[in-house]
Structures are given as C-alpha cells and as structure tokens.
Amino acid sequence: MDSMPGNQPLDPGQMGLGDMDPEAFRRYGHQLIEWVAAYLADMTAYPVLSKAAPGAIKAALPDTPPRAPESMAAILEDFERVIVPGITHWNHPGFMAYFGISGSGPGILGELLSAALNVNAMLWRTSPSATELEEVALGWLRQMIDLPDTFMGVINDTASASSLYALAAAREAIEGLQAREEGLAGRPGLPRLRAYASVEAHSSIDKAAIVLGIGQAGLRKIPTDDEFRMDARALAAAIEEDLAAGWRPFAVAATVGTTSTTSIDPVPAIADLCEQYGLWLHVDGAYGGPAAILPELRPVLAGCDRADSIVVNPHKWLFTPIDCSVLYCRRPQMLRQAFSLVPAFLQTSVDDQVVNLMDYGTSLGRRFRALKLWMILRYFGQEGLARRLREHRRLAQMLVDWIDAAPEFERMAPAPFSTVCFRYHPLGESDEARLDALNERLMEYINASGEIFISHTKVHEHFTLRCAIGNIRTTDQHVLRFWELLQGGAAQVAS
C-alpha cells in the first residue's frame, strides 16, 4: 500500500511460535482500515470490471509456497500490485450487473469482529451469543418484511443452500417415503417424485433436484404469462397430468423477483394449489423479499405467509457483505428431521432447552453471520433501509422513463423492483440475429469503459441488457453516466 515502505524487517512475532505481535497487528490494522475507508470513499479510481487477462494473476505470483516468513508490508504491497487489478469491484457504484449487491460500512465492521471472535456457531454452547443473536436478528428481519412469527429463520451462505435445504425438508415431509433412512436408489415400488418451478426459476432449484436424487427429469418447468410469472393454470394442469401418469408431486418453488426479469409469481394462487394437493410451497425471495420492507411493496410477499419456506438474501439488497442468506421455515420440525444428526461428542445437557443451528442444514461449522446483519439493522434501522431501497427504485424508474421515451431502445420486461431489462433496437431493424449481435457489442462497449458494468440475459430468446441498481453508493450521476454511455455506444455499434 502507498504508505507502506517495502523490504521492511520481519515483525518480532514472526520469529517465535506465537501469533502476530500485537503492536504489529495494531499498526497494520490501522493502515488497512485507512485503506478500506479510502477505497469506500472513492472506488471510482478503479475500473469496475477487472481488465486482467486470463491467467495474469496466477502468473504474477510464485508457483511454490514461501519457505521463510515474509513481512506484512511485502504481503500488502502484493495485495495492491497483484490482487487489486484482478478484482471486479462489486462495491463500486457503477456495478449494475447480475444483482447490484454492496457491503456497507457497518457490515464490513461486523465481518471484522466476526473474524476476530472466530466463532463456530454449530451448537448453542459453542457460543450462546451467536445462536441467540441469529434468532433475534432474524426475528427483526421477519417483522420488517411482515412474515408471521410462525416462521423460524436460519442463516446459510447462499440462496442455493437455502433452497436445497427447503426442498430436502419437503422431501422429508412425504409420508412413508423414509428417504433419510433408506435413500431413494434401488427401492422397488417408490413413486417418482416431481417438483415444479417456472421456466424463469433460478438454476439453484435444478441443482437442488439433482442433489436430492430427484434429477432434472423430476423437476417440471411451468410456462409463464406475458409478464414472466408462473402460469397457475398450467401448474394445475401439470399436477393433474403427473398424478395420472403415476408421479408423486411433492413441492412447488415459486419466485418473488426472478433472476432474469425480477418477475413475481402469483404466490396466492400457487398456495391454493399446494394446499389442494398437499404440496410443500417454497418461495425464492432471495432478491425480491427484502423489498417488502417498503410499505408500498409489502404486497410482493402476498401469500408467502402460507408458504412452508421462503428464502431472503440480505447480501443481495440489504447491504450485507456476502455471504448471508436467510431461510425462513414455517415447519422447522421437518427441516430438523431432515438434517439433525448428533453424535455423542456433540450432545450437551441443555439440548432440550436451546436451538442448535447445526440441526437445520448440512453444515456443522457455521460462521457468525448474524453479527454483521444485526449491526446493519441497528445502524440503518427499518426506516433507513426503506429510504435506500426506495431510492434504488427511483433511480431504476428514471432509467425506465428514459428507455421508454427513446425510439431506439425498448424495454423487454416490467421493472417491479430496481432491475431494468431492455435492448437497443434501431428503427427499421427486424433481423433478430443482428439485434442480438448489436446488443452484445453494446454491452461490451459499456463494460470496457471501466465506469459501468452490466450483464445480460435472454428474454423470449432475445439478447437482453440487464441493469440492476442495488448498490448503496449508486446515485443519479452514475445512472445518468450509464445512459450517456448507452447512447454513445449505440451510435458506435450501429456504425
């Protein structure tokens, strides 16, 4: 780092058998905090999308591990010289790709404290604060998004894990199946299991089906309507057809904020069908769920109080450093029944009085993720979080208005949250292959600027640009600059 001279002598702590010398830790810790503070204050000094060539980072580092200690000054110099150029800056205000996540200041400080405490929150007794703070923080978040208190929450690393655990609980809830005890393979007479999700559902649902032994053939994709929402009538027809063919339907995965278009499935109608047929209803609200903090967007979770499980990701749109995915479950006893396995060396005298979080998933080791979330919820408060989410929606609507008013751009999907799907469509151009190529080149032009990073998807098989506004540091000027780059880039790729 700029303030760190090279070739410094080793710290005293490196020469013995203990840890880093406390004074050295304090010195470098202060320098790192200063670096992080400067980085957060103005990360526009870096290109948002790394310009590193494939293999460049590995080529800049030794092939063999160091035999002797190296100074922290040299390590930090290499961090800036080698590592930082290979970083795509998800905290950058111009990061508008995928979902525009961001790690906020209180969350970063929470991660620092969590790393210092180095807690493994597997059992209540391995750190009572880790377990009980998770219960408290998730209770607060549950109230903020207006879920009933019948839902128990547990933090996982990703929505993929949360959805996998939810569908494992759904499988466990099938009466007489005994998948946990006897497995599924080679058992004569077992019906083939069928789960359902829309064609717009996240690929993590497919992966869950693979891991759980259902297979991709056991996950039936349901078509969507004109706004990319699951067609409930098509779902009902599919269930009836599968029952007649001997399948055993057991779960439906609905989505609030699909990955491509952020559409909202009709959860109340889907819940009606799940109740009619005795199916587990899982809702993937990883992106859209936090929006229910806004009173005006509370309806996006309509019907979710009837779901068996719902996932909400604070690391997507609640400014929590990755990773932090929350699984709420209305039938936590099924989640525990699917995963609880307690060998003698983990049994304690208070197990009947407490929650042991290891019982609700596959992970025995669990990071103290609740600390950063608790600090964020306290630092911003519900009103402060709502103001920031509302601002992102305003910025997205500003972009929507510009696109809708521009003759050579067209919006490809509704924008219920803060993600906008659109494409460049020159007047008179009807060749879809050429339109795809133009939009891909336009995306590359934008991303090469180093100022803005966007991603793409396919909407009705058309190459579609996707701008996701969700970074806590994004302002009007960044969205305006994106629009300027779009217009300039469109003129260039068209020529």
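The chain is numbered in sequence order, starting from 1.
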Using a 3.5 Å distance criterion without hydrogens, assess whether the side chain of [X] forms a donor-acceptor pair with backbone atoms of [Y].
X: R393; Y: L389; value: no
X: S340; Y: Q337; value: no
X: S455; Y: Y98; value: yes
X: T474; Y: I469; value: no
X: H89; Y: N91; value: no
X: N356; Y: M358; value: no
X: E134; Y: I155; value: yes
X: R411; Y: V400; value: no
X: E70; Y: P66; value: no
X: N439; Y: L435; value: yes

Heavy-atom side-chain contact between [X] and [Y] under 4.5 Å:
X: L294; Y: R298; value: no
X: Y328; Y: L141; value: yes
X: V256; Y: F417; value: yes
X: S325; Y: V311; value: yes
X: L341; Y: R180; value: yes
X: P321; Y: I376; value: yes
X: M152; Y: Y360; value: yes

Subject >> Evaluation steps, ring-ring contact (aromatic ring centres under 6.0 Å, His included), between F339 and Y165 >> reply: CA-CA 9 Å; F339 293 109; Y165 297 162; 5.1 Å; yes
**OP:** Check step by step if side-chain contact (heavy atoms from CB on, under 4.5 Å) holds for M144 and L385.
**Re:** CA-CA 10 Å; M144 287 182 179; L385 292 170; 4.3 Å; yes
Hey, is [X] close enough to [Y] for a salt bridge, meaning N to O under 4.0 Å?
X: D323; Y: R369; value: yes
X: E432; Y: R423; value: yes
X: R194; Y: D242; value: yes
X: R233; Y: D225; value: no
X: E241; Y: R220; value: yes
X: E200; Y: R229; value: no

Go through the side-chain N and O atoms of [X] and [Y] and say whether any donor and acceptor fall under 3.5 Å apart.
X: Y287; Y: S418; answer: yes
X: T224; Y: S198; answer: no
X: D206; Y: S203; answer: no
X: T258; Y: T261; answer: yes
X: T464; Y: H462; answer: no

What pair of heavy atoms forms the shortest contact from [X] to [Y], and how long is it?
X: I222; Y: A234; answer: CG2-CB, 3.9 Å
X: V267; Y: A254; answer: CG2-CB, 4.3 Å
X: I108; Y: G103; answer: CD1-O, 3.7 Å
X: I310; Y: G285; answer: CG1-N, 4.5 Å
X: A60; Y: V82; answer: CB-CG1, 3.8 Å
X: P191; Y: G246; answer: CB-O, 4.1 Å

Can you tell me how far apart [atom1] ([X]) and [atom2] ([Y]) are? Round to the nearest 0.5 Å.
X: L212; Y: R171; atom1: CG; atom2: CZ; value: 5.0 Å
X: L273; Y: L279; atom1: CG; atom2: CG; value: 8.0 Å
X: M230; Y: Y196; atom1: CE; atom2: OH; value: 11.0 Å
X: K207; Y: S163; atom1: NZ; atom2: OG; value: 12.0 Å
X: R466; Y: I454; atom1: CZ; atom2: CD1; value: 10.5 Å
X: R366; Y: N156; atom1: CZ; atom2: CG; value: 7.0 Å

**OP:** Output every pair passing salt bridge (Lys or Arg N to Asp or Glu O under 4.0 Å) with a member in residues 98-120, not counting sequence neighbours, ordered by first then second residue.
**Re:**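 Listed once each, the pairs are E111-R367, E111-K372.
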Return yes when atom [atom1] of [X] has more than 12 non-hydrogen atoms of other residues, nucleotides or ligands closer than 6.0 Å, and no otherwise.
X: D431; atom1: CG; result: yes
X: D63; atom1: CG; result: no
X: R378; atom1: CZ; result: no
X: E444; atom1: CD; result: yes
X: E175; atom1: CD; result: no

Original post:
Can you check ring-ring contact (aromatic ring centres under 6.0 Å, His included) on H460 and F228, steps first, answer last?
Top reply: CA-CA 10 Å; H460 293 314; F228 310 101; 5.0 Å; yes
Original post:
Honestly, is R473 close enough over F95, meaning NZ or CZ under 6.0 Å from the six-membered ring centre and within 45° of the axis?
Top reply: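 R473 over F95 ring: no.
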**OP:** Could you please spell out the steps behind the side-chain contact (heavy atoms from CB on, under 4.5 Å) verdict for L465 and T457?
**Re:** CA-CA 7 Å; L465 304 179; T457 188; over 6 Å; no
Subject >> Inter- and intrachain pairs under ring-ring contact (aromatic ring centres under 6.0 Å, His included), touching residues 239-283, at least two apart >> reply: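 Counting only pairs at least two positions apart or across chains, no ring-ring contact (aromatic ring centres under 6.0 Å, His included) contact touches residues 239-283.
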Original post:
Yes or no on side-chain contact (heavy atoms from CB on, under 4.5 Å) for T348 and L123, after CA distance, side-chain angles and deciding distance?
Top reply: CA-CA 9 Å; T348 77; L123 299 170; 4.2 Å; yes
Original post:
So among V312, L327, L133, L373, which one has a side chain to side chain contact (heavy atoms under 4.5 Å, CB included) with L138?
Top reply: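 Filter result, single survivor: L373.
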Original post:
Between F463 and H456, does the ring centroid distance fall short of 6.0 Å?
Top reply: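 When the ring centroids of F463 and H456 are compared, they turn out to be within the sub-6.0 Å range.
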**OP:** Apply side-chain contact (heavy atoms from CB on, under 4.5 Å) to the pair F368 and N120, showing each step before the final yes or no.
**Re:** CA-CA 7 Å; F368 191 4; N120 183 347; over 6 Å; no
Enumerate donor-acceptor pairs with a distance under 3.5 Å from any side-chain N or O in residues 46-53 to protein atoms, sequence neighbours excluded.
residue	atom	partner	partner atom	Å
S50	OG	A52	N	3.1
S50	OG	P85	O	2.8
K51	NZ	A448	O	3.1

